[in-house]
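Report on one structure; see the data block that follows.
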Amino acid sequence: MNCRRAQAALSERMDGEHLSSRLAGAVDTHLARCSRCSAFVRDAERLRAAVRITPAMAVPDLVEPIMAAVAREAHARPAPERPRLAPVRTLRRPPPLLPRLGPAAAGLLAGAVVGSFLVGGPWHRPVGEAPIALADVTRGVVAAASGLDAYRARFSVVERNFDPRVRFRELTLNVWFRAPERFRMDVSDHTSYPSRDWTPNDLSLVVNRSRWSLDGPTACPAGIHSCPEARTVVLNRAPFSSATPVQTDLMVPFGTIAGGQRIRLLGQTRVLGRPAVELELPFQRATPLFPFLRVGGQWRPFFAADRVVLSLDAATWFPLRFEVFPSPSEARDQWELRFGLPDEASDEPVLTVDALEVATRVPPAGTFAIPATGHAQDEAAHPVALDELPKGFAGPDQLDGLDAYRAARTHVAERAGAEQTVVTYAQGLTWVKVAETHDWERNEPYGSVDRHAEEVEAASPSTPKRASCT
Amino acid sequence: MQDPDPRTLARARDGDPGAFEDLVRLYQADVYRFACYLTRDRTLAEDITQEAFLRAFRFLGTFRGESRFSSWLLRITRNCGMDALRARQRGMEDRHTVPAPAADPTVRAELDHALGSVTDEHREPFLLIEVLGLSYQEAADILQLKVGTVKSRMHRARIALSRALIDEEETGEL
């Protein structure tokens with residue numbers, strides 16, 4: 001195998017072409033000992049990152065002028081076999097979902113404001129020479145908490161020491177988001193397992209407003225590798241349910257960064273050809289970055305004190321790379337023994353997630369479709385039409401710039417038999433929940449309040465309200 | 001790139017303006033982006049996008065489904081782009097002036113220069129496959145080449161563009 005042949009095959013493989021196992025083997029053998037071909041792959045991946053990890057190009061809406069030209073063309077045609085074209089339609093913003101209500105009644109804001117990166121907003125940081133402080137990162141990510149309407153990204157995931165027979169696993173993570181409350185995360189497993197009996201770790205989580213579904217292998221006891229596939233479909237999901245949150249930290253790590261505790265700024269660097277800011281924090285603080293580890297399937301264990309190095313794009317705050325490094329401690333050595341793991345060096349990542357492609361493009365139609373199934377579970381958040389809210393419930397049709405979005409009647413988890421009516425407001429990734437109950441006497445919010453909660457001004461002085469950020 | 005709903009496509013071919021408008025909405029971003037990368041000129045790309053859809057409307061009756069609709073549309077876009085670039089070239093020769101194209105400000109300057117420094121033969125397959133995410137077959141349909149030719153041009157494009165990108169970054173001219 002010569003370099004020209006190897007590089008041609010490597011180029012095809014990068015573009016998703018299937019190589020025969022014989023050719024793939026010959027190429028990999030050549031690649032392992034050829035610095036020229038390794039440099040070719042490295043440069044080509046850098047080029048790909050430079051092309052794909054850029055802010056989505058602003059696209060003008062040309063529908064009106066195109067349709068006007070088409071209408072002129074149609075009218076000018078001598079043969080009238082085609083029907084006349086209708087006048088050009090004008091795009092209008094849909095009317096607010098909730099009619100304007102009176103002053104707010106007693107209620108609780110128990111919502112969340114989540115980070116966003118929409119390029120060009122006030123949070124967009126020009127990349128310059130000035131050194132960056134941790135406070136700048138926190139402020140940038142937090143300030144980005146509005147306006148992200150659509151998002152698509154692809155990450156590569158490499159996991160070490162899943163099993164003594166499988167030292168490395170290679171997976172792809174695809175993420176799609178469309179505001180509000182439509183999210184999909186697919187994990188595709190490309191690992192070569194010792195036998196066909198091993199179940200690949202292919203997962204798909206779809207959240208689509210009041211429904212969600214999860215497909216993937218069920219969790220198996222340790223040492224069992226053939227795990228049955230399962231499909232879960234849930235209806236009547238509560239608005240912005242904390243039980244099935246949209247995994248927004250993959251887009252902008254707001255939950256991870258908020259608060260700033262135990263986060264260390266390592267410095268500025270370049271990742272995947274982009275100027276980046278590097279942060280360090282313990283794994284237990286960084287779990288929102290790894291939602292795929294929690295939703296299902298089979299994964300290696302992680303130690304709470306392991307070191308996570310997170311590289312954020314210095315201009316847009318996209319996570320470009322995050323890696324988990326073993327913490328050098330005796331407690332971890334014992335933990336390794338307990339889980340049957342080999343001795344893991346503290347400078348070799350046990351999990352690496354690299355962004356391959358990030359864009360603010362609208363996901364294609366059907367991305368968030370959840371097929372009907374005969375065995376759906378019911379989370380019992382019964383939808384309430386916004387114009388049929390209970391008498392006395394009061395809330396504005398907008399809240400701090402967010403539009404009223406969806407309402408439901410749910411149980412109050414903390415009090416058996418108690419019900420509440422929840423109205424949610426949303427804009428991009430940002431959302432707020434307003435809930436009302438009729439039998440609450442104490443002068444404090446009822447129900448759980450998120451750890452990122454912040455006090456907000458109530459519309460009426462007698463109204464206890466609270467907002468939270470997560 | 002996704003395929004249109006066959007019913008929408010059939011209605012558009014029958015002259016339903018609403019159906020054609022749906023096609024415009026579905027593909028305008030991809031058409032514009034392709035035109036933008038081809039010409040490195042946003043204003044020209046807007047003109048090309050409009051012209052491409054107008055030509056698509058004109059010739060929709062001739063679309064036989066031998067390739068994907070998106071490939072057919074991008075082939076028209078490419079032809080419009082070539083026409084527009086030739087017209088601009090003629091205009092420049094007439095005036096003996098060279099107006100600088102308005103580069104897309106959202107694209108990294110180094111990458112923009114690197115893309116500008118390679119030949120069309122390399123740039124076009126790279127844009128279609130790496131930037132727009134099309135398959136070799138779709139790129140071959142658009143460029144009217146054999147798949148094998150697209151593969152080898154893509155390979156050479158990677159080498160040429162990597163080299164150009166490194167040169168841009170190392171010289172620090174930008």
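Residue numbers begin at 1 in each chain, while the letters A, B, ... track the order of the sequences. Scope of the values below: all heavy atoms of this structure, side chains included, with no hydrogens, waters or symmetry mates.
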request  = Name the option with the most non-hydrogen atom pairs under 4.5 Å to chain B; the candidates are A:Ala69, A:Ala8, A:Ala365, A:Ala44.
outcome  = A:Ala8
request  = Measure the shortest side-chain to side-chain distance between A:Arg46 and B:Ser162 over non-hydrogen atoms and say whether it is less than 4.5 angstrom.
outcome  = no
Flag side-chain contact, heavy atom, 4.5 Å: B:Phe53 against A:Met67 = no
Once rounded to the nearest 0.5 Å, what's the spacing between atom [atom1] of [X] and atom [atom2] of [Y]?
X        : Y        : atom1 : atom2 : answer
A:Leu47  : B:Leu115 : CG    : CG    : 8.0 Å
A:Glu12  : B:Tyr136 : CD    : OH    : 5.0 Å
B:Ile159 : A:Asp43  : CD1   : CG    : 10.0 Å

inquiry  = Need one label for B:Asp5: side chain, backbone, both or neither, based on atoms under 4.5 Å from any heavy atom in chain A.
reply    = neither
note = Residues of residues 17-42 of chain A with a heavy atom under 4.5 Å from any heavy atom of chain B, in residue-number order, are A:Glu17, A:Phe40
request  = Any pair with a residue in residues 123-143 of chain B that passes salt bridge (Lys or Arg N to Asp or Glu O under 4.0 Å), sequence neighbours left out, goes on the list, sorted by first then second residue, please.
outcome  = A:Arg48-B:Glu130, A:Arg52-B:Glu130, B:Arg68-B:Glu138, B:Arg78-B:Glu124, B:Asp120-B:Arg123, B:Glu130-B:Arg158
ask   = Should A:Ile66 and B:Leu54 be marked as a side chain to side chain contact (heavy atoms under 4.5 Å, CB included) after you check the CA-CA gap, both sets of side-chain angles, and the distance that decides it?
value = CA-CA 7 Å; A:Ile66 289 168; B:Leu54 196 57; over 6 Å; no
message = Which residues pass the ring pair (Phe, Tyr, Trp, His ring centres under 6.0 Å) test with A:Trp176, not counting sequence neighbours?
response = none
Please tabulate, one pair per line, all N/O donor-acceptor pairs under 3.5 Å involving side-chain atoms of residues 149-156 of chain B, not counting sequence neighbours.
unit_1: B:Ser152; atom_1: OG; unit_2: B:Thr149; atom_2: O; d: 3.2
unit_1: B:Arg156; atom_1: NH2; unit_2: B:Glu121; atom_2: OE2; d: 3.4

